[in-house]
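What follows is one structure encoded as structure tokens, with my remarks underneath.
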Amino acid sequence: MSKFTPGPWVAEKNKSYWFVAPETGAGDGKPFQVADVCSSEPGHRDGWLQEANARLIAAAPELLEFVTEWLERQGDDNNYMTSKARAAIAKATGGNQ
């Protein structure tokens, strides 16, 4: 599995944009951002799209953990759902299906 900033992550807003950060900071007591979430799309400057994207990004570590555990419990079952799960894990980790 590829390495990434450990979760959980949270979506937060500063004065002008949404961002995603580790819930507990960088481990040295200094918070840092995993992602800045902004949009230059006309009509989306009010923040609703940035907020939705930030919340989805913030859920990524838990979603990856859940899908990985679910797939492990499926065993060798090779059906549509396990194929989709493998593809999602590969996309998130940079691996192969």
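Source: prediction; values computed, not measured. If you read the sequence from its start, that first residue is 1, and numbering goes on from there.
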For the backbone of D77 and the side chain of T82, can you confirm whether one donor and one acceptor N or O come within less than 3.5 Å of each other?
yes
Quick one: do M81 and F66 end up in the same hydrophobic cluster if we chain Ile, Leu, Val, Met, Phe, Trp and Tyr together by side-chain heavy atoms under 4.5 Å apart?
yes
Which heavy atom of L71 sits nearest a heavy atom of A85, and at what distance?
CD1-CB, 4.2 Å
Enter the distance from I89:CD1 to L64:CG here, rounded to the nearest 0.5 Å.
6.5 Å
Decide side chain to side chain contact (heavy atoms under 4.5 Å, CB included) for R86 and N78; before the verdict, give the C-alpha distance in whole Å, the side-chain angles of both, and the deciding distance to 0.1 Å.
CA-CA 10 Å; R86 285 187 192 96; N78 194 16; 3.4 Å; yes
Apart from L56 itself, residues in the same hydrophobic cluster as defined by side-chain heavy atoms under 4.5 Å
none
CH2 on W18 to CG on L49, rounded to 0.5 Å
12.0 Å
Salt bridge (charged side-chain N to carboxylate O under 4.0 Å, His left out): which pairs involve residues 50-60, sequence neighbours left out?
E51-R55
Please answer: with hydrophobic residues joined when any side-chain heavy atoms are less than 4.5 Å apart, are V67 and F4 in the same cluster?
yes
Calculate, to the nearest 0.5 Å, the distance between atoms CD1 and CG belonging to I57 and D36 respectively.
10.0 Å
Please go through Y17's hydrophobic cluster and name the other residues, only I, L, V, M, F, W, Y counting, with side-chain heavy atoms under 4.5 Å joining them.
F19
Restricting to side chain to side chain contact (heavy atoms under 4.5 Å, CB included), what partner residues turn up for A58, sequence neighbours left out?
W9, A11, V20
Partners of E62 by side chain to side chain contact (heavy atoms under 4.5 Å, CB included), sequence neighbours excluded?
P8
